[in-house]
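Reading through the structure tokens given below for one structure.
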Amino acid sequence: GTNMATGGGAKRVQNTISASPSSRPFHTLHMGFKMLTSLKFWAAILVLALVLGFYQLVGRETFSDILAKEKKMSAGHMGQDSKSKTQIKSDSEKADEDIELDPVNIGAEEQRKEADKSLEEERLKKSPQEREYHVLQMFTKAGNNRGLIDKFKLCFNSMMQTSSIRPENGEILHLHLVSDPGSKAIAEGIVGTWQQKGALKLSFHDPAHLTETLFPIVKPMQEKFSAGKNAYYGDSIFFLSVGMHKIFPADTKHVVQLDCDLKFRSDIRELFDMFDEFEPKNVIGIAQEQQPVYRHTFWQYRNEHKGTKVGEPPPNGQPGFNSGVLLLDLDKMRASDLYNSLLNGTVVRTMSEEFHFKGHLGDQDYFTLLSFRYPELFHVLPCTWNRQLCIWWKDKGYQEVFDLYHHCAGEVNIYHGNCNTPIPDR
């Protein structure tokens, strides 16, 4: 009975619809007119227009784009504090990404980098002071001293010929000469060719002016380590290395000081590289004396202290130093409380008396005396970088032990023709 009722109802609806085919157009028009006059319809149209206008204003983004953006912004605010550094990109990084995405910009960026590189290279060529290698020499009273002039020529020319320090690499040798007016004119004639090539920077320092600054600093050393009985004002210049850290500008970090009676057989750059080998407390690089000079001058102390290493030959002894080649780390000299405390007159006198020492070789004597008590201040250079040729002490009663001091194995880097000894041509 239920199925029959249901079926009958469905049949009646079907019959009603199919019974009036001519009324369908009128019915459709009636329903459309009713929609047009509906308030809800016009409200929907207005909302749709507003949404479409908003899309137009925000750059024609789709609704899903807007939702995605809102979601991202919300997540960004919520997780801002917990983002790692790698998740946060700077504006410059984003700009770099944009450049990488644009093939046209890639070429422009490469050209810009090349142009910047060329400008930097040009700047270095024009401004060699960016990397200066400071070398200092004493060249005084050369007016009538043919021997000194010849020695300086040999030293300077051999140094320049073997050096790899060149302006085209953005670096230059800066030669500091301590010279009186007469010696200055002679030196200019010798170094002029290299200077004209742009391969050398040259500065002259007046001995009188330096002495005025140095004398108060080194007066205590002069009293104990000068040839005369008194501390002569003019002798201060022979202690320049001792107080150079107080005289040279603060931005000068390293200076190589050289005697004039040298001949280079190796690149001076290698000497400057040795500053990197200094231990933390080292302030000066210096080679050992290659004659029994200090075996002789410390004879009294050696007699009183049997078995001492003072004045003994290498490798286990303390033969003293030779100052023909000096590496002065001015930064470390300035910073070393120990070194600066030893410039005190009382300390110098106390140590000199303790070792019964009265020298005559200037800064060399002072550094030698310090090394017996404070060896940590010094970096010992290989003997080949100051190969001393003098054999004066050999026939002065030390023939049996002379070779223990004078022996130096290895290829010679710098010959030192001390005590007017001829330097080999090879």
Any ion pair linking [Y] and [X] (charged N to carboxylate O, less than 4.0 Å)?
{"X": "Glu171", "Y": "Arg131", "value": "yes"}
{"X": "Lys151", "Y": "Asp261", "value": "no"}
{"X": "Asp150", "Y": "Arg146", "value": "yes"}

Keeping the roles fixed (side chain from [X], backbone from [Y]), state whether a donor-acceptor pair exists under 3.5 Å.
{"X": "Asp267", "Y": "Ser164", "result": "yes"}
{"X": "Thr350", "Y": "Thr346", "result": "yes"}
{"X": "Thr384", "Y": "Val412", "result": "no"}
{"X": "Ser179", "Y": "Thr140", "result": "no"}
{"X": "Gln288", "Y": "Pro382", "result": "no"}
{"X": "Gln257", "Y": "Leu136", "result": "no"}

Legend entry - For Phe239, all residues meeting ring pair (Phe, Tyr, Trp, His ring centres under 6.0 Å), sequence neighbours excluded: none
Inset, instruction - Please name all residues satisfying ring pair (Phe, Tyr, Trp, His ring centres under 6.0 Å) with His305, sequence neighbours left out, ordered by chain then number. - result: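 So His305 forms a ring pair (Phe, Tyr, Trp, His ring centres under 6.0 Å) with Tyr301.
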Using a 6.0 Å distance limit plus a 45 degree cone around the ring axis, check whether [X] lies over the aromatic ring of [Y].
{"X": "Lys263", "Y": "Tyr415", "value": "no"}
{"X": "Lys197", "Y": "Trp194", "value": "yes"}
{"X": "Lys396", "Y": "Trp392", "value": "yes"}

Inset, instruction - For Ser371, enumerate each residue passing the side chain to side chain contact (heavy atoms under 4.5 Å, CB included) test, keeping only those at least two apart in sequence or located in another chain. - result: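 Side chain to side chain contact (heavy atoms under 4.5 Å, CB included) check on Ser371 returns Phe321, Phe378.
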Under 6.0 Å from the [atom1] atom of [X], do we count more than 12 heavy atoms belonging to anything else shown?
{"X": "Leu338", "atom1": "CG", "value": "yes"}
{"X": "Asn144", "atom1": "CG", "value": "no"}
{"X": "His407", "atom1": "NE2", "value": "no"}
{"X": "Glu400", "atom1": "CD", "value": "no"}
{"X": "Asp273", "atom1": "CG", "value": "yes"}

Legend entry - Geometric class of the Phe156/Phe152 ring pair [parallel <30°, tilted 30-60°, perpendicular >60°]: parallel
Legend entry - Mutual orientation of the aromatic rings belonging to Phe225 and Tyr366 [parallel < 30°, tilted 30-60°, perpendicular > 60°]: tilted
Looking only at the side chains, is there a donor atom on one of [X] and [Y] sitting less than 3.5 Å from an acceptor on the other?
{"X": "Thr368", "Y": "Glu289", "answer": "no"}
{"X": "Arg334", "Y": "Tyr339", "answer": "no"}
{"X": "His254", "Y": "His134", "answer": "no"}
{"X": "Asp180", "Y": "Ser183", "answer": "yes"}
{"X": "Tyr294", "Y": "Glu312", "answer": "no"}
{"X": "Tyr133", "Y": "His174", "answer": "no"}
{"X": "His245", "Y": "Asn340", "answer": "yes"}

Does a side-chain heavy-atom distance below 4.5 Å link [X] with [Y]?
{"X": "Ser336", "Y": "Lys281", "answer": "no"}
{"X": "Gln290", "Y": "Cys383", "answer": "yes"}
{"X": "Ile268", "Y": "Thr162", "answer": "no"}
{"X": "Met333", "Y": "Leu328", "answer": "yes"}
{"X": "Arg265", "Y": "Glu411", "answer": "yes"}
{"X": "Leu177", "Y": "His205", "answer": "no"}
{"X": "Met160", "Y": "Leu173", "answer": "yes"}
{"X": "Phe372", "Y": "Thr308", "answer": "no"}

Inset, instruction - Might you work through the side chain to side chain contact (heavy atoms under 4.5 Å, CB included) test for Lys394 and His406, ending with a clear yes or no? - result: CA-CA 9 Å; Lys394 190 171 186 175; His406 200 65; over 6 Å; no
Inset, instruction - For the cysteine pair Cys390 and Cys419, state whether the SG atoms are less than 2.5 angstrom apart. - result: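 Yes, the SG atoms sit under 2.5 Å apart.
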Inset, instruction - Calculate, to the nearest 0.5 Å, the distance between atoms CG and CH2 belonging to Asn303 and Trp299 respectively. - result: 6.5 Å
Inset, instruction - Indicate the atoms forming the closest heavy-atom contact of Val348 with Pro220, along with that distance. - result: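 So the minimum-distance heavy-atom pair works out to CG1-O, 3.8 Å.
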Inset, instruction - Give the minimum heavy-atom separation between Leu214 and Ser236, together with the two atoms involved. - result: CD1-O, 3.5 Å
Inset, instruction - Please determine which of Asn322, Asn413, Asn418 meets the side-chain hydrogen bond (donor to acceptor under 3.5 Å, both in side chains) test together with Asn386. - result: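 Running side-chain hydrogen bond (donor to acceptor under 3.5 Å, both in side chains) over Asn322, Asn413, Asn418 with Asn386 returns exactly one hit, Asn322.
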